[in-house]
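Below you'll find the structure, written out as structure tokens, and then a few comments.
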Amino acid sequence: MKLFNTLSREISELTPLDGNQFRMYVCGPTVYGPAHIGNFITFTRADILYRTLKVAGLNPYYVRNITDVDDKTIRSSQEQGMTLSAFTEKWTTKFHEDCALLNLLIPDVEPRATEHIPEQIDIVQKLMDKGHAYQGADGSVYYRVKSFCCYGKLSHFDPEELRTQDTNSAGRANDADEYERDNVADFALWKARKPEDGDNYWESPWGQGRPGWHLECSAMSIKYLGETFDLHAGGEDLCFPHHENEIAQSEAATGKEFCRHWMHSTHLMVEGKKMSKSLGNFFVLQDLLDKGYSAMAIRMAFLNGHYRQQLNFTFNGLDAATSALGKLAEMLEKILPEGKELSDYRGGIVSDFGSLSNAWMALSNDLNTPAALGAMFSALKKLAKTKPQVEALEVDLKAIAALTYALGLEVEVASLRKQQEAKPVVEVPADIAALAEKRSEAKKAKDWGTADALRQELQEKGWKIIDTREGYSVEPC
RNA sequence: GGCGCGGUAGCCAAGUGGUAAGGCCGAGGACUGCAAAUCCUUUAUCGUCGGUUCGAUUCCGUCCCGCGCCUCCA
């Protein structure tokens, strides 16, 4: 299993440091509202990594946090007259529901920032003791970036550049005064309590306040995965400053390498533009479900792009994914023995991917999902056509099962078969049935003109006639 | 300005130094009185201009176009 590493900017083999368990951490959501599809493509990609590591036999241990305290959660909870915990609980529940719909596996641990305050304070204390942090005039504790040798090693930014630059291309001023910091690049480890924080504060050696954003990830990843662990993932926007700061504070506190491999998922574009509320291209999962798209189709659409390549999410693409999913089910129906499901072939280590080898190679080489999908379709097409002997098929079926598991694609052939059988059972209103019967009679009499006129009439009323060997059936359009 | 990414058929999207996977849509054919469904077949010389090479879409350089990050946004 190989993956691009942001740190080295190279594709390299993934190996568990302890030789047994592959320990990974993914930056989870800030729960202040429903997560949007941009958030979900990142979590879906992390999910695919987790699943692929499992199939590859790397025994992954997966931690994904919930950020339940920050400016937005505090402000929004106050606006709605809710306590912070009740408010974040509500959105955490919603997040979990959406994850289930998208078929995201549940992480082994899902720690919350507010439940790890002592651990965070502990890191700040270590940084203070070692001279990497200082308390500003405002009471907040800041990390002194220039005290860390390697600041910028992940994002490949030059710290000097960051320090001297006073504006960026977006025209925003990097206003140092606002933060009471020694240096613009310094960031808050512990934020002093402000009146607008209300009851949302904790006691610390530096007074009342709350942890800074980056700190929670350092504290929780170290707690659950150790001071050095295997992989850390998140959206590309987190590369800097979030992950850079995590590295700085963690390595300065422990004196050890923080994380060996970094994965960043590109942002999702929607209809060619960055997703934003003002452009009207801002979607949460429910918006798409309301439009009649299935969560699985959304996942399929995600799969059609490589995680390091910007994916343009469009309704056209969603339609294509829906069709492709249908085709996948049809091919599987032909390949699977009667009464069998793909899930019947799951489990155990798959060492031989048979005719699906190319697909597995693509997936296990930097998670090339579009290539894996392509190779899988090619292989399935051949299998559906040739229908090999049961014994020969066994290897391929196990491979397909493992591959679809890694991609997180659930295709239930039984339900497809049932669906097909169930189609004629749809209730047809009496008047529609009468029209259909009239057409059938006209057809028998070879009165094509009348028959077609009746078909047209039914069409306008929202029903279509499908002629079969036995006669005909009526279905809603 | 700094760092980085991309421009492959109508759309989406892999890929390779030796003339280009897959999906969607479309077209043609089979089937059908017609239609639907299904099956079969089919659609590209890879942004521009140069260079290296026996040979480049694939390597190097130029230009044009699009995009991301640059302090709390996945």
Side-chain angles (χ1 to χ4, degrees), chain A residues 6 9 26-30 35-46 67 70-72 145 152 155-158 160-162 164-165 167-170 172 174-175 179 181 184-188 191 212-214 233-242 244-245 264-269 272-276 300-301 303-306 308-314 316-328 330 358-359 362 368-381 385 420 443 446-449 451-452 455-456 459 464-468 472-473 475 477:
Chain A
T6 310
R9 287 187 174 167
V26 173
C27 287
T30 300
H36 58 249
I37 56 172
N39 295 312
F40 277 117
I41 196 170
T42 298
F43 300 134
T44 301
R45 285 163 170 173
T67 296
D70 80 323
D71 292 341
K72 288 189 295 289
V145 165
S155 54
H156 303 274
F157 283 152
D158 176 3
E160 287 302 320
E161 190 71 38
L162 291 167
T164 54
Q165 185 186 39
T167 57
N168 58 39
S169 62
R172 279 177 295 187
N174 293 334
D175 188 351
Y179 294 94
R181 294 171 292 183
V184 228
D186 292 355
F187 56 92
K191 296 176 138 184
W213 174 40
H214 319 294
E236 62 176 339
D237 56 317
L238 298 184
C239 183
F240 184 88
H242 186 55
E244 196 70 71
N245 291 352
H264 291 99
S265 163
T266 55
H267 274 183
L268 184 72
M269 302 291 282
K273 295 269 166 55
K274 189 169 178 175
M275 188 163 52
S276 74
M300 187 70 167
L303 253 28
N304 197 221
H306 184 91
R308 286 196 286 127
Q309 219 62 58
Q310 204 168 56
L311 177 70
N312 185 22
F313 192 81
T314 63
N316 195 352
L318 215 40
D319 290 333
T322 303
S323 298
L325 216 45
K327 183 169 182 170
L328 181 63
E330 279 164 20
N358 286 341
N368 193 336
T369 53
L373 232 35
M376 187 168 82
F377 269 97
S378 297
L380 292 186
K381 206 167 171 181
K385 197 184 282 186
Q420 285 168 345
K443 192 189 158 197
K446 293 196 192 292
D447 179 0
W448 310 130
D452 289 347
R455 178 196 285 285
Q456 184 60 33
Q459 177 83 23
K464 69 178 171 192
I465 290 190
I466 295 163
D467 290 332
T468 62
Y472 66 91
S473 70
E475 285 180 18
C477 289

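Quick note on labels: first sequence line is chain A, next is B, and so on, each numbered from 1.
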Output one line per pair: protein atom, nucleotide atom from nucleotides 28-32 of chain B, and distance, for all N/O pairs under 3.5 Å.
none

With the criterion being N/O to N/O and under 3.5 Å, what pairs connect the protein with nucleotides 39-43 of chain B, and how long is each?
| from | atom 1 | to | atom 2 | distance (Å) |
| --- | --- | --- | --- | --- |
| C39(B) | OP1 | K334(A) | NZ | 3.0 |

C59(B) versus G15(B) - spacing of their C1' atoms, nearest Å: 16 Å

Phosphate OP1/OP2 of G22(B): any K327(A) side-chain N/O under 4.0 Å: no

Length of the line joining H306(A):NE2 and A14(B):C1', which is rounded to integer Å: 11 Å

Touch class at under 4.0 angstrom, heavy-atom based, for F377(A) against every strand present: sugar-phosphate

Under 3.5 Å, which N/O atoms of the protein pair with N/O atoms of nucleotides 57-59 of chain B?
none

Qualifying residues under side-chain hydrogen bond (donor to acceptor under 3.5 Å, both in side chains), relative to R455(A), sequence neighbours excluded: none

Donor-acceptor pair under 3.5 Å, D237(A) side chain vs G68(B) base: no

Pairing residues for T369(A) by the side-chain hydrogen bond (donor to acceptor under 3.5 Å, both in side chains) criterion, not counting sequence neighbours: none

Set of salt bridge (Lys or Arg N to Asp or Glu O under 4.0 Å) partners for K72(A), sequence neighbours left out: D70(A)

Sugar-phosphate, base or nothing in reach of E244(A), heavy atoms under 4.0 Å: nothing

Side chain to side chain contact (heavy atoms under 4.5 Å, CB included) against K381(A), all qualifying residues, sequence neighbours excluded: M331(A)

Residues in side-chain hydrogen bond (donor to acceptor under 3.5 Å, both in side chains) contact with N312(A), at least two apart in sequence or another chain: none

Sugar-phosphate, base or nothing in reach of D319(A), heavy atoms under 4.0 Å: nothing

Sugar-phosphate only, base, or nothing, as touched by R455(A) at under 4.0 Å among non-hydrogen atoms: base

Euclidean distance for C1', A13(B) against C25(B) (whole angstrom): 15 Å

Between C69(B) (P) and R308(A) (CZ): distance, integer Å: 18 Å

Nearest-nucleotide pick for R9(A), side chain only, options being C3(B), C67(B), A74(B): C3(B)

Distance below 4.0 Å between N368(A) side-chain N/O and G15(B) OP1 or OP2: yes

Separation of the P atoms in C5(B) and A56(B), to the nearest angstrom: 25 Å

Sugar-phosphate only, base, or nothing, as touched by G374(A) at under 4.0 Å among non-hydrogen atoms: base

N/O donor-acceptor pairs under 3.5 Å from side chains in residues 235-242 of chain A, not counting sequence neighbours:
| from | atom 1 | to | atom 2 | distance (Å) |
| --- | --- | --- | --- | --- |
| E236(A) | OE2 | H267(A) | N | 2.8 |
| D237(A) | OD1 | H267(A) | NE2 | 3.0 |
| H242(A) | ND1 | H214(A) | ND1 | 2.9 |
| H242(A) | NE2 | E246(A) | OE2 | 2.9 |

Sugar-phosphate only, base, or nothing, as touched by K446(A) at under 4.0 Å among non-hydrogen atoms: nothing

Distance, rounded to the nearest Å, where M376(A) contributes CE and A13(B) contributes C1': 15 Å

Qualifying residues under side-chain hydrogen bond (donor to acceptor under 3.5 Å, both in side chains), relative to Q310(A), sequence neighbours excluded: none

Qualifying residues under side chain to side chain contact (heavy atoms under 4.5 Å, CB included), relative to A35(A), sequence neighbours excluded: N39(A), F40(A), F95(A)

P spacing across the pair A21(B) / G26(B), given as an integer number of angstrom: 23 Å

Nucleotide-level pairing of RNA chain B, given in dot-bracket where Watson-Crick and G-U pairs need both distances under 3.5 Å and | marks other strands: (((((((..(((.....[...))).(((((.......)))))....(.(((..]....))).))))))))....

Touch class at under 4.0 angstrom, heavy-atom based, for S378(A) against every strand present: sugar-phosphate

